[in-house]
Protein chains: 2
Amino acid sequence: MKRSFVPAYYQVAEDLSREIEAGGLRPGDAIPSESQLCARYGISRMTVRQGLNLLGEADYIRSVPGKGSFVSAPRLDRIALEFGEGALGDGRRLEQELLGVDVVSADAEVAERLSLTEAAKVVQFRRLSLLGTKPVAFEQKYLPYAKGRPLVEQEIRYAAFPALVARSCETHLVKVRMTIYAGKASAEATAKLPLDDCGICMVLEQSVLDQDDRVLGWGKTYCSPEEYRLTAESDPFWNRM
Amino acid sequence: MKRSFVPAYYQVAEDLSREIEAGGLRPGDAIPSESQLCARYGISRMTVRQGLNLLGEADYIRSVPGKGSFVSAPRLDRIALEFGEGALGDGRRLEQELLGVDVVSADAEVAERLSLTEAAKVVQFRRLSLLGTKPVAFEQKYLPYAKGRPLVEQEIRYAAFPALVARSCETHLVKVRMTIYAGKASAEATAKLPLDDCGICMVLEQSVLDQDDRVLGWGKTYCSPEEYRLTAESDPFWNRM
DNA sequence: GAGTGGTCTAGACCACGCT
DNA sequence: GCGTGGTCTAGACCACTCA
């Protein structure tokens, strides 16, 4: 039963996924029962289940107790976005330039997003992303000011905002919520980025939350429309075996 | 060993994830070995492994053969976007209005994206998304024209583009690649959407691919900046148990 | 009642990392 | 050599579905 170098459970998963991809099994169809697969491959049920588990994780099938396992239609309206390295889609890399870190008073918008009172002290930091020498994104982020929470410049320069917030708050489990829309650049963004007359740019609004959805940090990134495009793909990491 | 109503493996996963969230186990730390967990819970190793598998899927831990299992730092630069229902973030729903389905000649851009020769026949369809009575997005999609591939109007009206393409091509396993950027609306989009003078809008460029990355369909959606914002979250579905 | 998937056991052998 | 995780077995009982 083990004539190949791949694990038996992997073989089961691969065979079935191939049959699904070839169209022999269509969404809604039942796949062979676990005991049938045991017999077909001459392996034990736990091993078959391990293979089916792979297919389940990859959204190829879903199991219904008492009935069987069925081929499922993959979700195409759910897509994974990657920031950082993969944001530009191609292989180009971004340089970071730190423009400044300041303690300032929160304006109305910042106060609201951070759930602070207006004019509360916040740490503001501003950063420019460069593609070679050309600025392509301007980032302006805020987090509540707290004494004895030093933010090392080197970290600010290179670290992504969520990681910075996590380190600053000494929580390591944070979530990120993002809103993406087209808009006009702020005055400072307009000054820093090569935009057209209208100041069209893509705005990424980012909130960093802890486990209980408390806001730990917030800010915007203004992206040059020509150079900074987001690319995303369905089935990016969970549909691969 | 089975004093509770929850499965034993689930108990293991929950206990460990709670310890990770509470900070008792930090990223990089080793979790107890499988045999230690067997002893602690009085359960067999396969059951422990089932629990650890859950934690692995959820990105809480990763296992290293011969060494142990270690708490991993969750990725915060990877975010899930949902279109369709969840696109607007709040509970509002979009209505679809079909503007037209035509067989036209591909212009240079369409031909390039669909890997066709210029002036090849393509099916163009145009659709408006309405929030109540207000238009918020204009969609213009193309797929290669082929005889004997009728596209039923009812389907076009309601179905998402990838599903349409899948049905039309009789392939059910398709992928979606998306590019998101800010830009100026096309003439027709400007006519259909309430935009400001500059015609700022968010453009969603969507390609539908088959398993071998052949392009089956392509098109753009112009989104009103005020009403149509994308929201996305890290750890949205895989970090939940 | 027969068949299905969900859970679980008490073992086993292996390749690997360490010391 | 010893402990680790990776794979696998040959059973078991349960809740569920369907005829």
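All values below were derived from every heavy atom in this structure, side-chain atoms included, with hydrogens, water molecules and symmetry-related copies excluded. Throughout, protein chains are lettered first and strands after them, A, B, ... in sequence-line order, and every chain is numbered starting at 1. Bear in mind the structure is a predicted one, so any value in this text is a computation, not a measurement.
Of the candidate nucleotides D:dC8, C:dT7, C:dG6, D:dC8 has the atom lying nearest to any side-chain atom of A:Thr47. In this structure, the nucleotide among C:dG6, D:dC8, D:dG6 sitting nearest to the side chain of A:Arg49 is C:dG6.
Partners of A:Arg40 according to the salt bridge (charged side-chain N to carboxylate O under 4.0 Å, His left out) rule, which considers only residues two or more places apart in sequence or in another chain, do not exist here. A search for salt bridge (charged side-chain N to carboxylate O under 4.0 Å, His left out) contacts involving B:Lys67 returns nothing, not counting sequence neighbours. In terms of the salt bridge (charged side-chain N to carboxylate O under 4.0 Å, His left out) criterion, residue partners of A:Glu139 (sequence neighbours excluded) are, by chain and number, A:Arg127, A:Lys141. In this structure, the salt bridge (charged side-chain N to carboxylate O under 4.0 Å, His left out) partners of A:Arg214, at least two apart in sequence or on a different chain, are A:Asp210, A:Asp212. Evaluation of the ring pair (Phe, Tyr, Trp, His ring centres under 6.0 Å) rule for A:Phe161 yields A:Phe125 as partners, not counting sequence neighbours.
Dashed line: the shortest gap from a side-chain N or O of B:Ser35 to OP1 or OP2 of D:dG3 is not under 4.0 Å. Contact annotation: B:Ser33 side-chain N/O to D:dT4 OP1/OP2 distance is under 4.0 Å. Taking 4.0 angstrom as the limit, B:Tyr9 places none of its side-chain polar atoms (N or O) nearer than this to OP1 or OP2 of C:dC8.
A 6.0 Å sphere centred on CD of B:Glu97 holds more than 12 heavy atoms belonging to other residues, nucleotides or ligands.
Rounding to whole angstrom units, CD of residue B:Glu34 and P of D:dG6 are separated by 6 Å. Separating the CG atom of B:Leu37 from the P atom of C:dC8 is a distance of 15 Å, rounded to the nearest angstrom. At whole-Å resolution of the value, CG in A:Leu52 and C1' in C:dG6 are 12 Å apart. Distance CD1 (B:Ile43) to P (C:dG11): 16 Å, rounded to an integer number of Å. Atom-to-atom, CZ of A:Phe70 to P of C:dT4 comes out at 11 Å; the value is rounded to the nearest Å. The CD atom of B:Gln36 sits 10 Å away from the C1' atom of D:dG3 (whole-angstrom rounding). Between the CD1 atom of A:Ile61 and the P atom of C:dT4 there is a distance of 15 Å, rounded to whole Å. Rounded to whole Å, atom P of D:dT7 lies 11 Å from atom OH of A:Tyr10.
Remark: the backbone N or O of A:Phe138 is not paired with any side-chain donor or acceptor of A:Thr221 at under 3.5 angstrom.
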Each nucleotide in nucleotides 13-19 of chain D should get exactly one letter: B, S or -. Can you fill that in based on protein heavy atoms under 4.0 Å?
---BSS-
